[in-house]
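Both backbone and side-chain heavy atoms feed into the values below; hydrogens, waters and symmetry mates do not. Keep in mind the model is a prediction, meaning the values are calculated, not measured. In what follows, chains are A, B, ... by sequence order, proteins preceding strands, each numbered from 1.
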Amino acid sequence: MSTPEASTSGDRATDLDAEEREFVESMDAMQDYLQLQTKLQEQLKQGLLSLARAKYSMGPIGQAQYDMDITASVRLAVSSEEAQAAAPAASCSRHSRHSFTLQKAPAKAGARAVRGDGAASASAADADADADAGGEKPAGVKASQGAARAGGGGGGGGGGKGPAAAKGGPQAVEAEVEELDMDWSDEEGSGEEDEGLREANDFLRRMRVEAEEEASGGGGGGGAAASTSGGGGDGASQKQQRQQRRRRRRRQGGGSDPLHWFGVLVPPALKEAQGQFAAALETCVELANKAQRVLPRSRSAGGAAAATATAAGAM
Amino acid sequence: MAKNANIINNDGMLLAVLADEDTITGFLLAGVGNVDLRKKRNYLVVDSKTSVRQIEQAFKEFAAREDIAVILISQQVASQIRHAVEAHNKPIPAVLEIPSKDCPYDPSQDSLLARVKLIAGFN
């Protein structure tokens, strides 16, 4: 396409070439952009469909169930490519391109369950230990969890958790016990007014202490002694240490799976929705990268760009 | 062409989302949501009760924040604050329009493509 001309217009020819090349690149990028948009739409549609299915099984899902202390587990690393010499002073000018890469924070090991999770299993355990009447009250107290899940589905899961905790492997037990305990240290003294509930709580606590002593082989001798004494004074101080450790870990926040906001037994549709939205997120990042390339970057096209930008800015 | 890649922020930047409740729930499940120490969220649920001014304010806030790299905005919401979206011409944060639950993606409304049209000179 380049026609060799006299030296004076040689520059202009290469400029035109560069412009043309950029134009073609920009058009290609736009085509990819549109294709990615269709792909994103598909993924979003599937994600929303799974979400609707989950809503159908577990009741309404909405803002009320968002946890208040979330930290993003997905972040973007931005790296910029400086445009060639044209605008040396501006590193973030509109002539430089940026590329985004997705970074996932490593998920913390085990179940560092957020409060909501503990609330669900705790209220379920309550409902189980103290028959029916008491079950409603804790469910009402921990009002942050969706009312649709009170008693009902959680009850069976909670009941299974107690004995399962005693049988499970050490790490799993500790994780589950942490889940159960996460909420107790928050709620005890503030939640239950009922005497019967308090007894049930004590019983559960004793069971849990025993289970945990079995699991944590660390304090081997101390553990054996505590388990034989049935979790008396020794158990109390150990429990305090454990609670402190747990509080420290909870403060670290982050890394916990937002899936747990919706309880322990989430419908599989919700997990699917999570996966689909994660895929949609990746497509979004690709789209953002493409969008950077659609806009021409060179100064020559930048002449027109500057004109339109001022026009747009004046809007 | 010499290209030096500078990492602007080593810590990783966030995404902001302005969309309807279900879409936001989905993205929050995927791990996008963040509430910082000042209780500032990086998402805004837009429903029929949200006023245009609130939306515009949130958008401008997200655009001014240093730690947000990409703003995902559903097209429905974007058309409500079209003027603010088009006035935004900083490369960071990048604004990306996503299809919303009720209306599919419409290329004629995407402000990015409108800008390209202007630049390329189509009329």
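- In this structure, the side chains of Leu49(A) and Arg53(A) come closer than 4.5 Å at one or more pairs of heavy atoms.
- Most heavy-atom pairs under 4.5 Å with chain B, from the set Ala273(A), Ala288(A), Cys284(A): that is Cys284(A).
- At least one donor-acceptor pair closer than 3.5 Å links the side chain of Gln274(A) to the backbone N or O of Leu29(B).
- Using modelled atom types, one side-chain atom of Gln65(A) and one backbone atom of Gly62(A) make a donor-acceptor pair closer than 3.5 Å.
- Interface residue Leu28(B): backbone and side-chain heavy atoms are both found under 4.5 Å from chain A.
- Between the side chains of Asp106(B) and Ser108(B), at least one donor N or O lies within less than 3.5 Å of an accepting N or O.
- For Lys55(A), the part sitting under 4.5 Å from any heavy atom of chain B is the side chain, from C-beta outward, and nothing else.
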- prompt: Between Lys45(A) and Glu42(A), does a salt bridge (Lys or Arg N to Asp or Glu O under 4.0 Å) hold up when you go through it step by step?
  reply: CA-CA 5 Å; Lys45(A) 210 184 343 174; Glu42(A) 263 311 303; 3.5 Å; yes
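- Salt bridge annotation for Asp32(A)-Arg293(A): absent, with no cationic side-chain nitrogen under 4.0 angstrom from a carboxylate oxygen.
- Ranked by heavy-atom pairs shorter than 4.5 Å toward chain A, the options Gly26(B), Ala94(B), Ala30(B), Pro104(B) are led by Gly26(B).
- In terms of non-hydrogen atom pairs under 4.5 Å with chain A, the most contact-rich of Asp22(B), Leu15(B), Ile24(B) is Asp22(B).
- Of the two parts of Leu281(A), the backbone and the side chain both hold a non-hydrogen atom closer than 4.5 Å to a non-hydrogen atom of chain B.
- Annotation: residues 35-56 of chain B contacts chain A through Val35(B), Lys39(B), Tyr43(B), Val45(B) [non-hydrogen atoms, separation under 4.5 Å].
- Taking 4.5 Å as the limit, some side-chain heavy atom of Tyr66(A) sits within range of a side-chain heavy atom of Glu21(B).
- Counting heavy-atom neighbours within 6.0 Å of Gln57(B) CD, excluding the residue itself, gives a total of 12 or less.
- For the pair Val285(A) and Val70(B), the minimum side-chain heavy-atom distance is 4.5 Å or more.
- For a residue to count as touching a neighbouring chain, one of its non-hydrogen atoms must lie under 4.5 Å from one of that chain's; by this rule Ile68(B) does not touch chain A.
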